[in-house]
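Worksheet: one structure, shown below.
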Amino acid sequence: MRLNRLWMSLVLMASCVAAAPDGEALYKKRCAPCHDGAPQARMPSREEVGKRSPEEVFKTMFAGAMQPQSAGITPEEGRAIALYLTGKEFGKAAAPMSGMCPGGAKPFQMDGASWNGWSPDTANTRYQAHAGLTAEQTPKLKLKWAFGFPETSVAFAQPTVVGGRVFVGSGSGKVYSLDAATGCTYWSFEAGMPVRTAVSVGSLVGGKFAAYFGDLSAVVYAVDASTGKLLWKTRVEDHLIARVTGSPVLFSGRLYVPVSSVEEASAQAADYECCKFRGSIVSLDAATGKQVWKSYSVTDPARPTKKTAAGVQRYGPAGAAIWCAPTIDAKRKLVYAATGNSYTDVDINTSNAILAIDMESGRLKWASQVLAKDNFVMGCRPGKDGCPAPMGPDLDFGSSTILRTMANGKQILLAGQKSSILYGLDPDQQGKILWQIKLGQGGALGGIEWGFAADPTFAYAAVSDRFRGETSGGLHAVRLENGEKLWSV
């Protein structure tokens with residue numbers, strides 16, 4: 001009798017202990033429709049996600065871009081999915097390839113050659129006037145040191161080189177200050193989310209220097225450039241899946257921050273009430289992080305529009321994310337920003353456009369739109385319930401504008417689009433198009449993305465055209481004066 005009672009007690013105890021979540025089954029149910037999609041899908045493939053650390057995957061699900069898709073998943077289930085995808089245990093991150101610098105952090109000074117932020121200048125020319133290298137020397141360059149990012153396989157951020165240091169962010173959310181000569185680490189700072197922006201470094205009152213950057217939860221940080229100690233942090237947008245991907249630009253005591261989002265992806269969830277996000281440029285006091293002004297790329301806030309057949313409310317207008325660093329026009333006291341597509345079919349004239357914003361007040365001075373009604377969210381197709389109509393081709397401006405003084409003394413504003421079209425605009429005529437040239441096939445995952453450069457005579461634009469064929473990419477040189485193509489490789 002006692003054995004029977006003991007056996008029954010063990011059975012009851014076992015039935016009260018929940019079985020461990022099945023990561024594979026959860027992935028197939030909740031994640032596979034997007035991550036096991038076609039090769040040209042927007043989302044990273046299962047293989048790509050699997051290369052990341054489990055901490056990264058978990059953080060993305062519960063504090064990052066996938067929050068809407070993760071609704072209803074418990075933390076235990078999220079850990080199970082992360083373990084299944086990566087095959088790695090939590091807390092088993094690899095050590096960096098280089099060690100700490102002997103003697104710790106040294107005082108930082110802004111001297112020597114540099115590439116500070118997205119561009120060496122706030123006009124975003126991405127032109128290095130004092131390169132220190134010749135064309136003849138470059139084939140002879142050899143590897144001097146390498147730094148392996150711990151805790152992540154993803155490092156999107158462009159390095160900043162200034163004062164003999166390299167400042168760079170990572171997919172794990174850590175930002176590093178490395179010795180430019182040896183690669184040793186002076187300090188690392190833990191941000192809340194992955195950091196894709198370049199770091200902008202500038203001086204503060206009292207002889208200190210600050211390093212500025214943003215993360216994928218729309219938080220902007222200022223840390224002591226010498227030690228990595230936090231000076232301030234400010235959230236620049238309250239929307240759940242807003243992010244800062246473009247580098248903050250420091251100019252005359254102000255920090256100008258672009259704000260984007262991945263609400264386009266969240267729209268795939270059938271019960272998500274899309275869309276409410278509006279892109280913006282935020283001006284912060286560089287010393288304190290306090291907001292001076294905020295200028296939305298969509299001037300009117302979203303309002304209820306229609307409902308889906310299932311009764312899910314839709315909103316608009318929305319979209320016009322600003323993905324890249326803004327451009328400073330000190331002469332005209334303007335900030336230029338290039339915008340992305342609209343998320344809804346409520347008409348706006350500021351999507352797929354170049355915006356000119358008053359530097360002091362944040363007031364929109366003019367907008368030069370090159371493609372109207374580019375209404376796009378992921379998972380939509382023409383005629384699908386709840387989707388915008390008409391559907392656009394998703395041809396954002398994914399690159400910063402360039403303000404360039406040409407050899408003849410005149411200025412031109414350059415803009416590169418995912419359509420593969422490079423535009424030359426007149427900054428004195430509210431962005432009037434002076435010329436345009438199509439350099440490739442373009443498309444939602446193609447065209448001119450993330451960056452191009454210009455010297456006083458030519459613009460140099462790289463074209464991606466991913467999934468458009470083996471020979472579709474390339475580099476093109478275009479004459480600033482008239483848009484004539486000089487060469488392609």
Side-chain angles (χ1 to χ4, degrees), residues 56 59 63-65 105 108 110 114-120 122 124 126 147 149 151-152 154-163 165-178 180 185-204 208-237 242-251 253-261 280-291 321-328 337 400 450-451:
E56 281 183 272
K59 185 183 291 185
F108 174 81
M110 295 269 289
S114 69
W115 185 287
N116 190 356
W118 179 244
S119 172
T122 55
N124 285 334
R126 295 176 61 77
F147 174 80
F149 290 92
E151 302 174 357
T152 184
V154 180
F156 286 125
Q158 173 184 281
T160 285
V161 184
V162 61
R165 296 198 191 188
V166 177
F167 298 89
V168 63
S170 74
S172 71
K174 281 189 176 179
V175 175
Y176 297 89
S177 174
L178 311 176
T185 303
Y186 282 115
W187 53 255
S188 65
F189 175 85
E190 180 67 58
M193 286 290 289
V195 173
R196 291 183 65 158
T197 75
V199 178
S200 295
V201 182
S203 60
L204 294 172
K208 285 189 174 183
F209 296 89
Y212 303 94
F213 51 89
D215 72 11
L216 295 193
S217 63
V219 175
V220 177
Y221 302 82
V223 301
D224 188 303
S226 293
T227 65
K229 179 182 178 181
L230 179 67
L231 301 175
W232 56 256
K233 66 178 182 178
T234 301
R235 184 177 296 279
V236 291
E237 174 57 53
R243 49 180 46 194
V244 177
T245 56
S247 306
V249 175
L250 182 64
F251 180 76
R254 300 274 181 88
L255 196 67
Y256 298 95
V257 183
V259 184
S260 62
S261 88
S280 63
I281 295 290
V282 182
S283 173
L284 302 177
D285 183 286
T288 65
K290 292 183 178 180
Q291 181 176 306
I322 300 174
W323 293 99
C324 284
T327 301
I328 303 298
S400 296
W450 297 110

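Not counting sequence neighbours, the partners of Thr288 by the side-chain contact (heavy atoms from CB on, under 4.5 Å) test are Asp285, Lys290. Taking Pro326 as the reference, Val249, Tyr256, Pro258, Ile281, Val335 meet the side-chain contact (heavy atoms from CB on, under 4.5 Å) condition, with sequence neighbours excluded. In this structure Val154 satisfies the side-chain contact (heavy atoms from CB on, under 4.5 Å) test together with Arg52, Glu56, Thr152, Phe156, sequence neighbours excluded. Every residue meeting the side chain to side chain donor-acceptor pair (under 3.5 Å) condition with Ser119, not counting sequence neighbours, appears here in chain and number order: Asp121. In this structure Tyr186 satisfies the ring pair (Phe, Tyr, Trp, His ring centres under 6.0 Å) test with no other residue, sequence neighbours excluded. With sequence neighbours excluded, the residues forming a side chain to side chain donor-acceptor pair (under 3.5 Å) with Ser261 are Tyr343, listed by chain and number. Applying the side chain to side chain donor-acceptor pair (under 3.5 Å) rule to Ser172 yields the partners Ser170; only residues at least two apart in sequence or on another chain are considered. Residues passing the side chain to side chain donor-acceptor pair (under 3.5 Å) test with Arg126, sequence neighbours excluded: Gln158.
Taking OG of Ser200 as the start and CG of Leu250 as the end, the distance is 6.5 Å to the nearest 0.5 Å.
Pairs passing the side-chain hydrogen bond (donor to acceptor under 3.5 Å, both in side chains) check and including a residue from residues 225-237, sequence neighbours excluded, read Glu237-Lys294. Among pairs with a residue in residues 165-174, those fulfilling salt bridge (charged side-chain N to carboxylate O under 4.0 Å, His left out) read Glu151-Lys174, at least two apart in sequence or across chains.
In summary, the side chains of Asn116 and Thr160 do not present any donor paired with an acceptor at a separation below 3.5 Å, with no hydrogens or angles considered.
Across all non-hydrogen atoms, the minimal contact from Val244 to Leu216 is O-CD2, 3.8 Å. Closest non-hydrogen pair, Thr245 versus Ser260, comes out as OG1-OG, 3.3 Å.
Remark: of the listed residues Val223, Val220, Val168, Val219, Val223 is the sole one forming a side chain to side chain contact (heavy atoms under 4.5 Å, CB included) with Phe213.
Contact annotation: the side chain of Val257 approaches that of Leu284 to within less than 4.5 Å [non-hydrogen atoms, C-beta and beyond].
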Quiz: residues 189-197 side-chain donor-acceptor pairs under 3.5 angstrom, not counting sequence neighbours:
unit_1	atom_1	unit_2	atom_2	d
Thr197	OG1	Gly214	N	3.2

